[in-house]
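These notes are about the structure you will find just below.
Any value given below was found using the heavy atoms of this structure, including those in side chains, with hydrogens, waters and symmetry copies removed. Order of listing sets the numbers, starting from 1, for every ligand and every atom in it.
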Amino acid sequence: MRPKLHQGPWYYRLHWQIAIALGAGLVLGFGVGEPAVPWVGWMGTAFIRLLRMVIVPLILTSITSGIASVGSGRNLGRLGAKTLAYYITTSLMAILVGLVLVNVIQPGSHSDLTAAESIEVEQLDTPGSLTDIFMRLIPLNPVKAAADGDMLGLIFFAILMGIALTRLPPRSSDMLRGMFDSGFALMMVIAGGVIRLAPLGVLGLITAAVADKGLETFKPLAWYMVTVASGLAIHLFVTLPLLLFLVGRINPRVHFRNMTDALLTAFSTSSSAATLPVTLHDVENKVGVSNRVTSFVLPMGATINMDGTALYECVAVIFMAQVMGFGLDVQAQFIVVVTALLASIGAAAIPSAGLVVIFIITEAINMRGPEVAILVGTLLAIDRPLDMFRTMVNVFSDSCGAAIIARSEGETEVDRA
Ligand code: ASP
């Protein structure tokens, strides 16, 4: 039975409470600034820790029980193919929107970066190629992968366990399945409790994020920020809703309403991984997608399907090229598109990860030199608001994927108005 939602006075509803907390965080952050951080900042840190606490057991139980219920063979292949097709198509659509906007607006030509702040960055240990990303899928030790929060390795191992479960004789398989199913239900109860604390967490996170930087910091990069934000807005409010409507036959407004808690959490935490418990909760309980589909699409999506990040990578690299006067012909722009997709897959679902993997792209187009690291540092200094927005887009794309795929699998209850 679907829980009864949207009942009682408006202030009982979680998304309103989160929205009010967000507003209060903005007022405190801008109004009081740094002195306000010790009052409420700890609530944000505690909230993120609580969310991260449930991620590993949640991923493990959700994927294993979900895959075991899909079964191996043809069903699994079909679901896998649909999921990958969705991830790649939407990420490419996002990148193309970014590509067009950055070429039309030309933010690099309007920016004077002499007054901009910069943070020192090194070329961090980023995955360099498709083979690297592929190899990272296979954990040497699944227990270590879980302890280190290595999501790709954990997902891979959970998928294998789910498939293997369907091959066991009924006596042992029933027992283990029961264990994973109940483990998953247990984690969702804990996640549900953590989600109730979201308003307090959001208040802390937003206050700290806003107090950290004054508006002045963002001025030199205003055009760049406008370009990224416009691209993300087009993807969030036009492309994905159109896909929901045309492919899934789903009313986008209903889907937005059902996903409000997760979207606001993504915005406040800047981490798709930390938001995953909320995303799973909303997509199962409010959107009404079965665990069979969510367990497949959402944990993997949080880790590899990052439309907002992909769009961002493309805009950021071309912006840097414009500032440096580094000409990019059609072929180079094509390489940017393909490697932006790859970089978004390789980016971890944590704050600012998208910016760090940018070196995959700059290397691919031979854009090198000390200016590159300085420019990345400059973008990092103003990354937080853009990260909040792109994480929201990343999470929304995952939820749209789950809804569309569930519809295509004959689930008629999805996003029922
Ligand atoms: N913060 C983003 C996420 O967790 C990744 C990024 O930095 O683009 O989805």
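Nearest-residue assignment for atom 8 (O) of ligand 1 (options Arg390, Met388, Glu313; heavy-atom criterion): Arg390.
Summarising the geometry of Leu341 relative to Ser91, their closest heavy-atom pair is CD1-CB, 3.4 Å, with the distance given to 0.1 Å.
Checked options Ile234, Val102, Val238, Leu232; the residue passing with Val97 is Ile234 (criterion: side-chain contact (heavy atoms from CB on, under 4.5 Å)). The one candidate from Leu355, Leu221, Val228 that meets the side-chain contact (heavy atoms from CB on, under 4.5 Å) condition with Leu386 is Val228.
Taking 4.0 Å as the cut-off between side-chain N and carboxylate O, Arg177 and Asp181 do not count as a salt-bridged pair. Between Lys286 and Asp261 there is a salt bridge, since a side-chain N of the basic residue sits under 4.0 Å from a carboxylate O of the acidic one.
For the residue pair Thr391 and Ser272, no side-chain donor N or O sits within less than 3.5 Å of a side-chain acceptor on the partner.
At under 3.5 Å, a nitrogen or oxygen of Ala349, whether backbone or side chain, sits near a nitrogen or oxygen of ligand 1. Of the polar atoms of Met306, none of the N or O atoms is found under 3.5 Å from an N or O of ligand 1, judged by distance alone. Polar contact check, Gly354 against ligand 1: a nitrogen or oxygen pair lies under 3.5 Å apart. In terms of N/O distances under 3.5 Å, ligand 1 is approached by Ala353.
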Tell me, with the steps shown, if Asn251 and Asp415 meet side-chain hydrogen bond (donor to acceptor under 3.5 Å, both in side chains). CA-CA 7 Å; Asn251 181 343; Asp415 277 322; over 6 Å; no

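Summary of contacts: the protein heavy atom closest to atom 2 (C) of ligand 1 is Thr391 OG1, 3.4 Å. Protein heavy atom in closest approach to atom 1 (N) of ligand 1: Asp387 OD1, 2.8 Å. The protein heavy-atom contact nearest to atom 4 (O) of ligand 1 is Ser272 N, 2.8 Å.
Here is the list of ligand 1 atoms found below 4.0 Å of a heavy atom in Thr309: 5 (C), 6 (C), 8 (O). Ligand 1 places these atoms under 4.0 Å from at least one heavy atom of Ser271: 4 (O). Numbered from 1 in the order shown, with element, the atoms of ligand 1 that lie under 4.0 Å from a heavy atom of Ser352 read 7 (O).
Taking the centre of each ring, Phe396 and Phe256 come in below the 6.0 Å mark.
With a heavy-atom cut-off of 4.0 Å, Ala302 does not touch ligand 1 at all. Residue contacts with ligand 1, taken as heavy atom pairs separated by less than 4.0 Å, do not involve Val395 at all.
Side chain of Ser271 to main chain of Ala349: a donor-acceptor pair is present (N/O by atom type, distance under 3.5 Å, no hydrogens or angles).
Assignment of Ser270 to the shell around ligand 1 is supported, since a heavy atom sits closer than 4.0 Å.
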